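Let me begin by presenting the structure, written as structure tokens, before commenting on it.
For clarity, every value in this text was computed on a predicted model and none was experimentally measured.
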Amino acid sequence: MMKNRIVDEEIMLVRYYPNYKTTLEWYQDLTLCKQVDNRDTAYDLDLLKRMYKYLNKHGDLFYIKYKNRLCGDVCLQPSGEVNIVIAKPFQNKHIGRRVIKEIIQLAKEKQIPELHAEIYTFNTQSQKMFQSIGFAKVDDEQYALVI
């Protein structure tokens, strides 16, 4: 069972547990849904539950806790795929890059040799964040980091 991980004095990765009241609010933001899934509609509770069930079964899934408030989620899959979501009010605070650095450490511990993230071409904010910590663009929507 994966344990919680301390990223720094402000951020902790909290092992996934059902907390749909908090998380559904993030996925009701249409801008965030577009950034993450290139969808024009918000998540409903059923879709949210299915997503979390899938990610939790197929990877190490955490909530991101910033200054004692849940503000997003991140998943490292055994394939090296990284999925991260930061709720809109918490974006542009360098939370994502700090979290991904911790995910890189987790990948090293799990001996995953390469990480990759799918980022839509219009999501320049995420592209810049991943590139700032060493990910390279390998395809239109694929970014990778050899560990």
* **Ile6 CD1 to Leu13 CG distance, which is reported to the nearest 0.5 Å** => 10.0 Å
* Rounded to the nearest 0.5 Å, how far apart are CG of Leu115 and NZ of Lys108? -> 10.0 Å
* Asked: With sequence neighbours left out, what residues match Asn4 under side chain to side chain donor-acceptor pair (under 3.5 Å)?
  -> none
* Asked: Which residues pass the side chain to side chain donor-acceptor pair (under 3.5 Å) test with Asn68, sequence neighbours left out?
  -> none
* Under the side chain to side chain donor-acceptor pair (under 3.5 Å) test, residues paired with Glu25 that sit two or more places apart -> none
* Nearest-0.5 Å distance that lies between atom CD1 in Ile103 and atom CD1 in Ile112 -> 9.5 Å
Name every donor-acceptor pair, under 3.5 Å, that has one atom in a side chain of residues 71-90 and the other anywhere in the protein, sequence neighbours excluded.
residue	atom	partner	partner atom	Å
Asp73	OD1	Tyr27	OH	3.3
Asp73	OD2	Tyr27	OH	2.8
Asp73	OD2	Tyr52	OH	2.7
Gln77	NE2	Asn83	OD1	2.8
Ser79	OG	Glu81	N	3.3
Glu81	OE2	Asn83	ND2	3.1
Lys88	NZ	Gln91	OE1	3.2

* To do: Take Asp40 and Lys34, measure what side chain to side chain contact (heavy atoms under 4.5 Å, CB included) needs, and give me the verdict at the end.
  => CA-CA 6 Å; Asp40 297 319; Lys34 187 73 172 175; 3.2 Å; yes
* To do: State plainly whether the residues Asp60 and Lys110 are in salt-bridge range, i.e. N to O under 4.0 Å.
  => yes
* More than 12 foreign heavy atoms under 6.0 Å from CZ of Arg39: is that the case here? -> yes
* Asked: Would you find more than 12 non-hydrogen atoms of other residues, nucleotides or ligands less than 6.0 Å from Glu109 atom CD?
  -> yes
* Transitive ILVMFWY side-chain link Val36 to Tyr120, under 4.5 Å -> no
* Within-4.5 Å side-chain heavy-atom neighbours: Tyr20 and Lys49 -> yes
* Asked: Do Lys93 and Tyr66 pass the side chain to side chain contact (heavy atoms under 4.5 Å, CB included) test, and can you show the C-alpha distance, the side-chain angles, and the key distance before you say yes or no?
  -> CA-CA 10 Å; Lys93 298 179 186 300; Tyr66 174 72; 4.0 Å; yes
* To do: May I ask you to test the Leu48-Thr23 pair for a side-chain heavy-atom distance under 4.5 Å?
  => yes
* Structure fact -> So CD of Gln35 and CG of Asn123: to nearest 0.5 Å the spacing works out to 4.5 Å
* For Leu30, what are the other residues in its hydrophobic cluster, where any two members join if their side-chain heavy atoms are less than 4.5 angstrom apart? -> none
* Consider only side-chain N and O atoms of Asn19 and Tyr17, and report whether a donor and an acceptor are under 3.5 Å apart. => yes
* **Pair Glu10 + Arg98: basic N to acidic O under 4.0 Å** => yes
* Decide whether Val138 and Ile133 are clustered together by the hydrophobic rule: side chain heavy atoms of Ile, Leu, Val, Met, Phe, Trp, Tyr closer than 4.5 Å, transitively. => no
* Taking side chain as C-beta onward, heavy atoms only, is Tyr54 less than 4.5 Å from His58? -> yes
* Does some side-chain heavy atom of Val99 sit less than 4.5 Å from a side-chain heavy atom of Glu102? -> no
* Asked: Do Phe122 and Ile119 belong to the same hydrophobic cluster, where Ile, Leu, Val, Met, Phe, Trp and Tyr are linked whenever their side-chain heavy atoms lie under 4.5 Å apart, directly or via other members?
  -> no
* **Parallel, tilted or perpendicular, as decided by the 30° and 60° cut-offs, for the rings of Tyr16 and Tyr63** => tilted
* Asked: Mind checking whether Leu106 and Met129 sit in one hydrophobic cluster, side chains of I, L, V, M, F, W, Y counted as touching below 4.5 Å?
  -> yes
* From NZ (Lys53) to CG (Leu55), nearest 0.5 Å -> 13.0 Å
* To do: Verify the neighbour count for atom NZ of Lys137: are there more than 12 heavy atoms of other residues, nucleotides or ligands below 6.0 Å?
  => yes
Could you give the side-chain donor-acceptor pairs of residues 139-147 under 3.5 Å, partners two or more places apart or in another chain?
none

* What's the spacing between Leu45 CG and Gln28 CD if we round to 0.5 Å? -> 9.5 Å
